[in-house]
Amino acid sequence: EVQLVESGGGLVQAGGSLRLSCAASGFTFDAENIGWFRQAPGKEREQIACISYDDGSAHYADSVKGRFTVSSDNAKNTVALQMNSLKPEDTAVYYCAVPLGCAVIGGVMGKAADYWGQGTQVTVSS
């Protein structure tokens, strides 16, 4: 059974930082893309960061590029998302996921994933 369990969400002031973690199990971690999505109230879910399984490269949506950093530990089957310079518009439920692809087209990433975590709430106050 595939499991993706996020932790680290919470409330932070604008300009602050937060680190999310995700523990993965039930699949071959280093043979899959791994990354993060988010869904803000009233908006579609969007992929924001991804690590490609074939070369380990990281990819970001324009909305977070330069502020967020995704990293993975293949020995521990974990993926993290370091979020800096947070803005109120970053408020969303954040999901760890196994994306179908890491491509960035026009600053936007694909929306599909094979597996999803349960999500963790991040709230950025102004």
Side-chain angles (χ1 to χ4, degrees):
E1 177 189 6
V2 173
Q3 286 195 319
L4 297 165
V5 181
E6 303 98 336
S7 60
L11 174 64
V12 63
Q13 288 190 330
S17 298
L18 209 57
R19 184 177 178 87
L20 305 182
S21 297
C22 173
S25 61
F27 63 99
T28 304
F29 187 81
D30 59 4
E32 301 282 353
N33 301 320
I34 190 73
W36 294 89
F37 289 66
R38 70 182 181 185
Q39 187 166 20
K43 295 190 176 181
E44 288 189 345
R45 191 175 297 187
E46 63 169 337
Q47 184 180 175
I48 56 171
C50 179
I51 294 178
S52 180
Y53 77 94
D54 56 357
D55 63 1
S57 57
H59 306 265
Y60 301 93
D62 279 1
S63 57
V64 305
K65 194 171 185 178
R67 300 187 298 122
F68 291 12
T69 302
V70 62
S71 59
S72 65
D73 186 332
N74 288 346
K76 296 181 179 180
N77 286 6
T78 58
V79 59
L81 185 68
Q82 177 65 42
M83 305 184 292
N84 299 329
S85 302
L86 283 160
K87 306 174 182 179
E89 52 263 43
D90 293 318
T91 295
V93 177
Y94 284 70
Y95 298 89
C96 177
V98 178
L100 293 185
C102 293
V104 182
I105 301 173
V108 177
M109 305 180 76
K111 291 181 169 57
D114 282 328
Y115 306 109
W116 301 90
Q118 82 285 354
T120 185
Q121 176 70 45
V122 171
T123 303
V124 184
S125 63
S126 57

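Any value given below was found using the heavy atoms of this structure, including those in side chains, with hydrogens, waters and symmetry copies removed. Numbers here simply count residues along the sequence, with the first being 1.
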Exercise for the section: For residues Arg38 and Glu46, determine if any side-chain heavy atom of one lies less than 4.5 Å from a side-chain heavy atom of the other. Expected result: yes
Practice task
Give a yes or no on whether the backbone of Val98 and the side-chain of Asn33 come within a donor-acceptor separation of less than 3.5 Å.
Solution key: no
Handout entry: Exercise: identify the closest heavy-atom pair between Tyr94 and Leu20
Key = CB-CD1, 3.5 Å
Completion exercise
Taken to the nearest 0.5 Å, the spacing of Leu100 CG from Met109 CE works out to 11.5 Å
Handout entry: Main-chain N/O of Gln118 paired to Glu6 side chain as donor or acceptor, under 3.5 Å
Key = yes
Problem - Check: Thr78 side chain, Ala23 main-chain N or O, donor-acceptor pair, under 3.5 Å - result: no
Problem - Nearest heavy atoms of Pro99 and Cys50, plus distance in Å - result: CG-SG, 4.0 Å
Problem - Polar side-chain atom of Gln47 near backbone of Gly110 as donor-acceptor pair, under 3.5 Å - result: yes
Completion exercise
dist Asp30:CG -> Ile51:CD1 (nearest 0.5 Å) comes out at 12.0 Å
Practice task
Answer yes or no: is there a side-chain heavy-atom contact under 4.5 Å between Ser71 and Gln82?
Solution key: no
Handout entry: Close side-chain approach of Tyr60 to Val70, heavy-atom, < 4.5 Å
Key = yes
Completion exercise
Heavy-atom nearest pair, Ser85 first then Ser17, reads N-OG, 4.4 Å
Handout entry: From CG (Asn84) to CZ (Arg19), nearest 0.5 Å
Key = 10.0 Å
Exercise for the section: Check Ala24 against Leu4 and note the closest heavy-atom contact, atom names and distance. Expected result: CB-CD2, 3.5 Å
Handout entry: Path from Val104 to Phe37 over hydrophobic side-chain contacts below 4.5 Å
Key = no
Exercise for the section: Using a 4.5 Å cut-off on heavy atoms from C-beta on, say whether the side chain of Asp90 contacts that of Arg67. Expected result: yes
Exercise for the section: Could you tell me whether the side chain of Ser72 reaches within less than 4.5 Å of the side chain of Asn74, counting heavy atoms only? Expected result: yes
Exercise for the section: Determine whether Met83 and Trp36 make a side-chain contact, defined as any pair of heavy atoms from C-beta on separated by less than 4.5 Å. Expected result: no
Exercise for the section: Drop me the distance from Leu86's CG to Gln13's CD, to the nearest 0.5 angstrom. Expected result: 11.5 Å
Practice task
Would you indicate whether the side-chain heavy atoms of Val124 and Val122 approach each other to under 4.5 Å?
Solution key: yes
Practice task
For the residue pair Phe27 and Tyr115, categorise the inter-ring angle as parallel (less than 30°), tilted (30 to 60°) or perpendicular (more than 60°).
Solution key: parallel
Completion exercise
Taken to the nearest 0.5 Å, the spacing of Ile48 CD1 from Leu81 CG works out to 5.0 Å
Completion exercise
Nearest heavy-atom contact between Pro88 and Ser126 is CG-CB, 3.8 Å
Fill in the blank from the handout: On a heavy-atom basis, the closest approach of Ile34 and Cys96 is CD1-SG, 4.3 Å
